[in-house]
There are 2 protein chains.
Amino acid sequence: MSSTPAKKSLKKSTRESSSKTQSKRIEAKRNKRKIIMQAALDLFSSNGVHGTSVEQIADLAKVSKTNLLYYFASKELLYVEVIQQLLDVWLVPLKGFNSEQDPIEAIANYIEVKLALSRDNPKESRLFCMEVVQGAPLLFNQLGSPLRAIVEAKVQVISDWIKAGKLAPIDPYHLIFSIWATTQHYADFRVQVEAVTGQSLDNPEFFAATLHSIQTIILNGVRPQHS
Amino acid sequence: MSSTPAKKSLKKSTRESSSKTQSKRIEAKRNKRKIIMQAALDLFSSNGVHGTSVEQIADLAKVSKTNLLYYFASKELLYVEVIQQLLDVWLVPLKGFNSEQDPIEAIANYIEVKLALSRDNPKESRLFCMEVVQGAPLLFNQLGSPLRAIVEAKVQVISDWIKAGKLAPIDPYHLIFSIWATTQHYADFRVQVEAVTGQSLDNPEFFAATLHSIQTIILNGVRPQHS
DNA sequence: GTCTATAATATGATAGAC
DNA sequence: GTCTATCATATTATAGAC
């Protein structure tokens with residue numbers, strides 16, 4: 001976040017291993033890994049794993065190829081770490097609502113959170129999409145049960161709402177999928193949305209209009225209200 | 001479709017170039033190209049272009065690598081042809097409804113057509129998805145204006161319906177995107193849907209349930225009906 | 001048209017100096 | 001930790017016999 005002071009310039013100071021310099025080193029290492037992973041995410045998400053070379057990542061991260069392979073033993077391992085980090089970003093907002101909330105409000109809010117995620121983390125969304133589209137060779141070993149658990153919790157909440165008459169009797173699974181699909185669409189199919197409308201979620205007005213439209217469609221449907 | 005008789009065995013019959021054998025040859029060539037393109041679609045859609053080697057395609061199509069490159073000058077060109085063929089499949093069902101139809105019926109029907117497309121052409125859907133997610137380097141030169149034209153025509157129809165009070169006042173663009181997103185989701189995110197529900201559109205009951213759910217959500221919304 | 005080399009390159013990864 | 005070779009391999013594509 002803060003600007004890096006100068007770039008470390010000294011050779012190793014002959015075994016000066018105070019805990020202070022140690023932690024500095026560790027932090028520097030962590031930071032560099034972070035930079036590399038960010039570059040990797042950029043490229044993986046727009047060219048795929050196989051469409052991205054280690055050298056490209058190294059260039060974007062401004063390290064040498066050899067140096068990158070010092071921090072990550074192989075391209076595969078780098079990819080795995082990027083995917084793992086991605087899941088953290090991904091699973092949090094899914095843990096949204098509970099049955100005490102007002103369903104309409106909760107769903108509207110959930111749509112907003114997910115759409116904001118598409119706006120703020122489009123690369124993560126696209127990489128996730130690519131992984132899943134390709135059968136998620138890597139992803140679903142790890143993702144499988146936590147995802148099912150989260151979904152089942154939500155399904156339960158939705159079922160409760162329906163039983164209480166607070167929601168129309170729709171299949172909870174498909175409702176969840178519909179929300180995911182519609183919101184992620186604006187990140188994953190961004191170029192198509194742009195080709196058709198000339199707009200993207202980066203434009204606050206378009207974001208607001210999109211949010212309102214999705215909320216209206218899912219909550220009220222398109223059938224005209226009989227007055 | 002029909003079983004291949006034996007495999008052609010004769011050497012070239014020393015310049016026998018009747019129009020009959022000519023057309024046979026042309027058809028054979030066309031057929032072989034088709035087989036190769038099918039194999040290519042299979043692999044491209046699940047591994048991406050860069051994740052697929054010419055050799056893999058050749059193996060799946062049961063031709064030699066050299067032979068494949070006799071029919072398609074390069075992997076790139078093969079890919080381009082696959083994508084082009086894909087667009088034919090893709091754009092047809094988009095030309096659905098016109099303003100004389102009943103909007104509710106037309107939209108319900110459009111959802112069904114699109115969901116059936118996800119069931120019957122999942123590989124095309126996924127390859128299209130991958131292309132778009134990656135920024136559609138190839139696709140949007142060709143797709144750009146025809147797509148916009150189709151969408152604009154539909155937007156017009158929807159606007160007419162809204163003006164006539166036959167549809168709630170929702171943004172036509174986002175309605176179209178919502179239908180695309182929700183229906184394509186079951187092809188593109190198939191492994192995720194399976195991971196969560198254990199089902200896919202191949203199961204007729206799941207198809208029916210999915211169709212009904214999407215139609216209900218988009219037409220009626222999830223808000224409970226006040227009696 | 002189909003095959004057997006084989007060229008030409010790109011790319012992942014390592015060895016070893018500093 | 002970082003660099004300069006360099007290896008090893010995979011892969012696209014071509015040349016030329018049949």
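By convention in this document, chain letters (A, B, ...) are assigned in the order of the sequence lines, proteins followed by strands, and residues within each chain are numbered from 1. Heavy atoms only: backbone and side chains are in, while hydrogens, waters and symmetry mates are out.
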Protein N or O to nucleotides 13-15 of chain D N or O, pairs below 3.5 Å:
{"unit_1": "D:dA13", "atom_1": "OP2", "unit_2": "B:K75", "atom_2": "N", "d": "2.8"}

Quiz prompt | Qualifying ring-ring contact (aromatic ring centres under 6.0 Å, His included) pairs with a residue from residues 121-141 of chain A, counting only residues at least two apart or across chains | solution = A:W90-A:F128
Quiz item: Does the side chain of A:D188 come under 3.5 Å of the side chain of A:S125 through a donor N or O and an acceptor N or O?
Solution: yes
Self-check item: C:dT2 phosphate, OP1 or OP2, under 4.0 Å from B:K32 side-chain N/O
Solution: yes
Quiz item: To the nearest angstrom, how far is A:L68 atom CG from D:dC3 atom P?
Solution: 11 Å
Quiz item: Picking from C:dT2, D:dT2, C:dT11, which would you name as closest to the side chain of A:S53?
Solution: C:dT11
Exercise. Report the distance from atom CG of A:L78 to atom P of C:dG12, rounded to the nearest whole Å.
Key: 11 Å
Quiz item: Over how many whole Å does the gap from B:Y70 atom OH to C:dC3 atom P extend?
Solution: 12 Å
Exercise. Measure the distance from CZ on A:R25 to C1' on D:dT2 and round it to the nearest whole Å.
Key: 14 Å
Practice problem: Quickly work out the B:Q56 CD to D:dT11 P distance and round it to whole Å. | Solution: 7 Å
Exercise. Return yes if some donor-acceptor pair links the side-chain N/O of A:Q215 with the main-chain N/O of A:A108 below 3.5 Å, else return no.
Key: yes
List, one per line, each side-chain donor-acceptor pair under 3.5 Å for residues 38-52 of chain A, sequence neighbours excluded.
{"unit_1": "A:Q38", "atom_1": "NE2", "unit_2": "A:D42", "atom_2": "OD1", "d": "3.1"}
{"unit_1": "A:D42", "atom_1": "OD1", "unit_2": "A:K123", "atom_2": "NZ", "d": "3.2"}
{"unit_1": "A:D42", "atom_1": "OD2", "unit_2": "A:K123", "atom_2": "NZ", "d": "3.4"}
{"unit_1": "A:S45", "atom_1": "OG", "unit_2": "A:L41", "atom_2": "O", "d": "2.9"}
{"unit_1": "A:S45", "atom_1": "OG", "unit_2": "A:D42", "atom_2": "O", "d": "3.0"}
{"unit_1": "A:S46", "atom_1": "OG", "unit_2": "A:D42", "atom_2": "O", "d": "3.2"}
{"unit_1": "A:T52", "atom_1": "OG1", "unit_2": "A:L43", "atom_2": "O", "d": "3.3"}
{"unit_1": "A:T52", "atom_1": "OG1", "unit_2": "A:G48", "atom_2": "O", "d": "2.7"}

Exercise. Take the protein atom CG of A:N67 and the nucleotide atom C1' of C:dA13, then report the distance between them rounded to whole Å.
Key: 14 Å
Self-check item: Near-ring test A:F206/B:H174, centroid separation under 6.0 angstrom
Solution: yes
Self-check item: A:R119 to A:Y186 six-membered ring, cation-pi geometry met (6.0 Å, 45°)
Solution: no
Self-check item: Between C1' of D:dT12 and CZ of B:F72, the distance in whole Å
Solution: 16 Å
Self-check item: Protein-nucleotide distance (A:K62, atom NZ; D:dG1, atom P), rounded to Å
Solution: 22 Å
